[in-house]
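Here is the structure we will look at, set down as structure tokens.
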Amino acid sequence: MDSKQKTVYLDNNATTMVAPEVRDVMTPFLCELYGNPSSMHAFGGQVAKFVARAREEVARFVNCSPEEIVFTSCATESDNTAIRGAVEALGEGTKIITTAVEHPAVLQPCRRLKAQGFEEVELPVDSVGQIDLGRLEDEVKSAKKAVVSVMWANNETGTVFPVEKVAEICKAYGATFHTDAVQVAGKLPVDVKKVPVDMLAMSGHKFHAPKGIGILYIRKGAKVRPFMLGGHQEAGRRAGTENVPYIIGLAKACELARLGMDRENERLVRLRDELEAGILATCPNVRVNGDRAHRLSNTLNVSFEYIEGEAIAYHLSDLGICISTGSACASGSLDPSHVIRAMGVPFTAVHGSVRFSLSRYTTEEDIRYTLDNLPKVVRHLREMSPFGPDSDVTTFK
Ligand SMILES: *Cc1c(COP(=O)(O)O)cnc(C)c1O
């Protein structure tokens with residue numbers, strides 16, 4: 001990519017730009033206010049006061065009390081701590097109930113616990129990516145003790161889950177409920193008094209704070225064994241010296257998200273819908289993945305049938321447009337996304353799925369530029385593809 005080329009960043013569910021306001025409040029805590037908040041001296045003590053104020057702002061963001069907020073290194077740590085810590089606290093015989101479309105930060109710890117002998121259930125989803133609440137209730141009801149982990153919204157499709165109902169079910173049967181709320185931060189109001197979850201995870205870098213800072217909400221009284229052992233930081237729930245500059249930045253990001261949410265969501269829905277309508281009008285054989293009736297304002301997942309999502313992403317990357325495919329190519333394989341597959345999307349469309357995710361910094365011009373270029377890329381790839389609606393080739397292999 002040449003350096004003069006414009007960048008249209010439409011991969012905000014992967015990470016976001018740090019807001020300049022966030023950067024600005026962080027810098028004094030690097031070279032000036034660098035004391036350790038646990039120190040005896042006043043130099044450290046003054047930093048502890050800033051951390052306390054930041055904790056209040058983060059607590060306001062999810063409507064809990066500051067004592068219920070634990071700062072972690074990332075949402076992966078928050079998810080691991082919540083699930084493993086709750087299962088460890090409940091002990092032998094605990095059933096783990098989650099969904100087939102969770103982020104790996106939830107699925108992998110659940111599967112590790114399964115390998116260690118715990119019963120684990122991954123609830124299937126329907127064609128728009130929703131779980132069956134009746135099935136969930138049956139699983140919770142039949143468990144002696146249960147830890148339930150259902151994400152608030154899916155990172156690949158934007159499908160929003162009925163977490164309020166899940167929380168009610170868990171409460172009714174005394175199950176512990178954790179939700180991965182990473183993708184709703186700044187996109188939907190989060191109120192743990194209205195939606196009585198026991199634990200909740202968020203990540204700074206998904207809403208304009210830096211990478212490397214996470215939130216774990218733990219309801220007062222919820223039994224969760226700490227994961228990081230060592231010092232007495234975070235009231236003994238997470239050892240390790242506080243990441244002060246990032247905590248300060250995270251609080252600013254929470255404040256910006258809280259104050260701008262309503263206005264921003266309207267704008268995002270308008271831009272996202274413009275992108276969606278533009279794609280549907282210019283590209284044949286396209287399907288929108290996810291629950292359009294319950295979907296994050298900023299997310300659009302589409303399958304371009306008969307072509308590869310990776311090829312689309314590479315071609316758009318050459319034009320400065322950043323998007324992602326469903327598949328996390330961590331192992332270098334081109335396995336399609338577990339989320340898209342779990343939804344039963346037809347195989348002609350599974351490989352062609354791509355995600356566009358917008359943010360506060362996405363402009364009308366970004367959407368126009370994308371719509372000017374994407375149909376050409378799709379047409380070009382389709383011309384080269386041996387597959388198509390009339391093709392008798394029925395497999396990609
Ligand atoms: C990004 C993401 C995570 C992981 O967050 P990190 O802070 O990068 O560890 C977990 N869950 C969901 C839904 C995500 O989108």
Side-chain angles (χ1 to χ4, degrees), residues 13 52-72 75 78-79 81-83 86 99 102-103 106 130-131 133 136 147-155 158-204 206-209 213-222 224 237 247 250-269 291 293-299 359-360:
N13 287 8
R53 217 173 297 156
R55 198 183 301 279
E56 282 168 20
E57 183 60 52
V58 174
R60 192 169 305 138
F61 191 50
V62 299
N63 196 25
C64 69
S65 53
E67 304 81 59
E68 295 174 308
I69 293 294
V70 177
F71 294 120
T72 65
S78 299
D79 283 330
T81 304
I83 294 162
T99 79
E102 298 295 312
H103 190 276
V106 166
Q130 288 289 2
I131 51 168
L133 287 170
L136 171 78
V147 171
V148 175
S149 188
V150 174
M151 67 201 322
W152 198 310
N154 186 268
N155 46 303
T159 292
V160 177
F161 288 90
V163 279
E164 196 165 352
K165 298 218 173 71
V166 176
E168 273 169 28
I169 292 169
C170 290
K171 222 173 164 184
Y173 298 100
T176 304
F177 178 32
H178 168 64
T179 188
D180 177 327
V182 171
Q183 290 297 341
V184 299
K187 301 169 196 167
L188 287 174
V190 171
D191 182 337
V192 296
K193 299 220 161 71
K194 278 205 197 115
V195 180
V197 300
D198 297 299
M199 303 173 288
L200 173 147
M202 284 183 179
S203 177
K206 302 292 174 82
F207 64 108
H208 308 295
I213 184 78
I215 300 171
L216 175 58
Y217 158 78
I218 303 177
R219 178 176 298 284
K220 194 164 179 258
V224 186
R237 291 166 304 181
I247 289 171
L250 175 70
K252 188 68 186 175
C254 288
E255 186 194 340
L256 294 171
R258 182 170 57 81
L259 298 176
M261 189 150 9
D262 293 346
R263 200 171 3 100
E264 193 45 37
N265 269 325
E266 260 174 53
R267 201 186 69 89
L268 284 172
V269 167
D291 188 350
H294 306 93
R295 189 165 49 151
L296 292 174
S297 55
N298 79 319
T299 307
S359 85
R360 174 149 98 231

Legend entry - Stepwise side-chain contact (heavy atoms from CB on, under 4.5 Å) check, V160 with D291: CA-CA 8 Å; V160 177; D291 188 350; over 6 Å; no
Inset, instruction - Using a strict cut-off of less than 4.0 Å between a Lys/Arg side-chain nitrogen and an Asp/Glu carboxylate oxygen, indicate whether K171 and E168 qualify as a salt bridge. - result: no
Legend entry - Basic-acidic side-chain contact under 4.0 Å: R53, E56: no
Looking at every heavy atom in both [X] and [Y], which two are closest together, and how far apart are they?
{"X": "G204", "Y": "L250", "value": "CA-CD1, 3.7 Å"}
{"X": "P196", "Y": "R219", "value": "CA-NH2, 3.3 Å"}
{"X": "S149", "Y": "V106", "value": "OG-CG1, 3.5 Å"}
{"X": "F207", "Y": "A185", "value": "CD2-CB, 3.5 Å"}
{"X": "A153", "Y": "Q183", "value": "O-CB, 4.0 Å"}
{"X": "V147", "Y": "A86", "value": "CG2-CB, 3.9 Å"}

Measure from the side-chain N and O atoms of [X] to the backbone N and O of [Y], and report whether any donor-acceptor pair falls under 3.5 Å.
{"X": "D198", "Y": "F177", "value": "yes"}
{"X": "E102", "Y": "M151", "value": "yes"}
{"X": "S78", "Y": "I215", "value": "yes"}
{"X": "T179", "Y": "V150", "value": "yes"}

Legend entry - Pair E255-R258, salt bridge (charged side-chain N to carboxylate O under 4.0 Å, His left out): steps then yes or no: CA-CA 5 Å; E255 186 194 340; R258 182 170 57 81; 5.3 Å; no
Legend entry - With W152, the side-chain contact (heavy atoms from CB on, under 4.5 Å) member among V184, V182, D180, V166: V184
Return the [atom1] to [atom2] distance between [X] and [Y], rounded to the nearest 0.5 Å.
{"X": "R360", "Y": "L256", "atom1": "CZ", "atom2": "CG", "result": "5.0 Å"}
{"X": "N154", "Y": "Q130", "atom1": "CG", "atom2": "CD", "result": "10.0 Å"}
{"X": "I83", "Y": "H178", "atom1": "CD1", "atom2": "NE2", "result": "5.0 Å"}
{"X": "I69", "Y": "F61", "atom1": "CD1", "atom2": "CZ", "result": "10.0 Å"}
{"X": "T159", "Y": "H294", "atom1": "OG1", "atom2": "NE2", "result": "10.0 Å"}
{"X": "R55", "Y": "I247", "atom1": "CZ", "atom2": "CD1", "result": "6.5 Å"}

Is any side-chain heavy atom of [Y] closer than 4.5 Å to one of [X]?
{"X": "Y217", "Y": "V190", "answer": "no"}
{"X": "M202", "Y": "V62", "answer": "yes"}
{"X": "V224", "Y": "M199", "answer": "yes"}
{"X": "L136", "Y": "V148", "answer": "yes"}

Inset, instruction - Please say whether more than 12 non-hydrogen atoms of neighbouring residues, nucleotides or ligands are located less than 6.0 Å from NZ in K194. - result: no
Inset, instruction - Could you verify whether a donor N or O on one side chain and an acceptor N or O on the other, from S297 and N265, lie under 3.5 Å apart? - result: yes
Inset, instruction - Could you check N155 against K206 for side-chain contact (heavy atoms from CB on, under 4.5 Å), going step by step and ending with a plain yes or no? - result: CA-CA 10 Å; N155 46 303; K206 302 292 174 82; 5.8 Å; no
Legend entry - Evaluation steps, side-chain contact (heavy atoms from CB on, under 4.5 Å), between C254 and R60: CA-CA 9 Å; C254 288; R60 192 169 305 138; over 6 Å; no
